[in-house]
Amino acid sequence: MFGRRIHLCWAGAAIAGLLTGCRAQVELATLPEDSPSRRAASSFLHCVESTTSHCVSAGQTTTAWDAVALLAWLAYGSPSAIATLLPQQVQVHQDPRLLERRFVDEIERYAVALRGAGCEAEDEQSLAPIIERAAAQAVTRSAALSLWPREVPPVVDQLREEAQLELSAGVLVTLRCRFEPFVVYAATHVADGQYTVVGMSTFWPEELGGVRLTSEQVEARLRGRSLGLYGASVAAMEDTINPWLAFPVEEL
Amino acid sequence: MATLLGLWLLAAAANEAAAPVRSDFGVVIDRHVAQSLGRGVLPVGQGTTLVPGLFVTLGRDRVDIFDRPAFSPAAASGEAGAGPCASRCPAEFFAAFQQAWLRLAGESATLGSEIPTTVHFAVDRSVSARTFLAVAYAAAESRPVVPPNLSLVVEVSGRGLQGQPFFLVPPTGLGVQRGAAILGLLVFVDGDGFELRSLDTTVAPTRVASLDEVRAHLVRLKKIHPGKNAVILVPGEGATVDLVAATIAVARPSFERIVLALQPPA
């Protein structure tokens, strides 16, 4: 549902604020012995930590990651959201500007939390089989729940084609963090020997290789600033009727 | 190559021509219930259209959150839970729902939508009502910010599924201030009968055997207390979801607000 192509960068060079983006070439000799995808993912997170969305270069948008994310959503997202939002999401998918805005919003939502979260690349998996599994499950589920059963199969075919065209050699890197958001997923793409991150999320279905958080981590995420669930609205409700009984108590 | 939007519009047009437009979210719930629990297992009744929301399927040996298997309801019959659930629902129930709410929060943040405000419970009618309430409290207490609206899914003859809205007594009690004019009409529901009384003791405890008698008493009490519009149903160990749904059906014409509780509120 979001997609941008970010050049490999390295946090060490960005710390002093010498970079205006993530365009620095990396001396391979200075890198840890991780896979190129893991290094790209780690660098991307460092870039987000230091420069927020400014590390995203203009004109490098890709819809391929959005296609993967849409397939995962159709396969394992909430049926209530799919029932109401699928037409809108298909339209958004057609508009690179909206995808770009969404990706920037996603980065900005987590940039503060990621600073000091202590994230490290822990695992990686090829995107090609993930795309196939998600596509198959999306079609099966749509038929099983009668959830846009006629519309979903052709949409899935198209999304699957788009995703495989650009990301068949891509990798989904899982980064585990000591603090909120506890886990980050970064999708990498390789072209002409250069590894780039094309998408990021802090949510990914367990059925497609996502990590199950502990109860304490779930609580921390729900209460954390990134999701913004708790704030002014809670204070405003305190003086109104009991939220469990949304009617005047005199009716009891 | 056809664009995605073109494919979508083409498929949507074909769908509109070939089949009636989907009328409500009940179709989605109905399909999952049929696969998960089978046909004809839900309580029968009348309700309102099922709006898109979180749906929970509760069978004798499984609980699904949406179409994902989540946990076994067996823990409801064990010792009361501790930890974050103020109603003392099993921690396993609470944790499973909290995971689901987090996924929904992430989805809503990404899509720019709202976290569902309603939870529908599609429950095998033979399931213990107290197990159902333990699951309902876990779902409601774990929702971030505010408890959701709740509905019990019922089958409407020939018209698919609908929802019977209900409330839960707050897990920390009603919190009614001293001197408040509260009747607090209670109906204890059990396998061998019903008992009506009130929190303010103006209604003398009355034991009856049938739903028709419950209905008659409630009609009479409504005439005495026309400003009251809520009744609290307290299912006992022997009450099934079917019995609670039937009690709701006879109570709602007189008292529109149906409040469910595991024990009489303080």
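None of the values given here were measured: they were computed from a predicted structure. Just so we're on the same page: letters track the sequence lines, and every chain starts at 1.
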Proximity breakdown for A:Thr84 and chain B, heavy-atom pairs closer than 4.5 Å: side chain
Interatomic distance, B:Gln35 atom CD to A:Leu145 atom CG [nearest 0.5 angstrom]: 6.5 Å
Greatest number of heavy atom pairs closer than 4.5 Å to chain A - which of B:Ala109, B:Ala95, B:Pro52: B:Ala109
With A:Arg225 via salt bridge (charged side-chain N to carboxylate O under 4.0 Å, His left out) - residues at least two apart: none
Interatomic distance, A:Leu252 atom CG to B:His225 atom NE2 [nearest 0.5 angstrom]: 13.0 Å
Residue pair A:Arg102 / B:Leu111, side-chain heavy-atom distance below 4.5 Å: yes
Portion of B:Gln98 that has a non-hydrogen atom of chain A nearer than 4.5 angstrom: both
Side chain / backbone / both / neither for B:Pro170 at chain A, heavy atoms under 4.5 Å: both
Rounded distance [0.5 Å steps], CG in B:Leu102 versus CZ in A:Phe203: 4.0 Å
Nearest heavy atoms of A:Arg109 and B:Thr110, plus distance in Å: NH1-N, 4.3 Å
Toward chain A, the part of B:Ala181 with a non-hydrogen atom under 4.5 Å: backbone
Which portion of A:Glu219 sits near chain B, non-hydrogen atoms under 4.5 angstrom: both
Heavy-atom side-chain contact between A:Glu207 and B:Arg68 under 4.5 Å: yes
Nearest heavy-atom neighbours spanning B:Phe25 and A:Ala83: CE1-CB, 3.9 Å
Beyond-backbone contact of B:Phe94 with A:Ser215, side-chain heavy atoms, under 4.5 angstrom: no
Short side-chain to backbone donor-acceptor contact, B:Glu107 and A:Ala81, under 3.5 Å: no
Side chain, backbone, both or neither of A:Leu227 within contact of chain B (heavy atoms, under 4.5 Å): side chain
Heavy-atom side-chain proximity of A:Pro79 to B:Asp67 below 4.5 angstrom: yes
A:Trp244 CH2 to B:Leu174 CG distance, which is reported to the nearest 0.5 Å: 12.5 Å
Toward chain A, the part of B:Ala140 with a non-hydrogen atom under 4.5 Å: both
B:Phe55 versus chain A, the contacting section by heavy-atom distance below 4.5 Å: side chain
Interatomic spacing from CD in B:Gln99 to CZ in A:Arg221 - rounded to 0.5 Å: 11.0 Å
Over all atoms of both residues, closest heavy-atom pair of B:Arg31 and A:Ala144: CB-O, 3.3 Å
Residue pair A:Ala246 / B:Phe167: nearest heavy atoms and the distance that separates them: N-CE2, 3.7 Å
A:Glu250/B:Lys228 salt bridge by N-O under 4.0 Å criterion: no
Greatest number of heavy atom pairs closer than 4.5 Å to chain A - which of B:Pro148, B:Pro171, B:Ala34: B:Pro171
Structural part of B:Ile115 lying under 4.5 Å from a heavy atom of chain A: side chain
Among A:Leu213, A:Thr214, A:Asp105, residue most engaged with chain B (heavy-atom pairs, under 4.5 Å): A:Leu213
Separation of B:His32 NE2 from A:Ser146 OG (nearest 0.5 Å): 14.5 Å
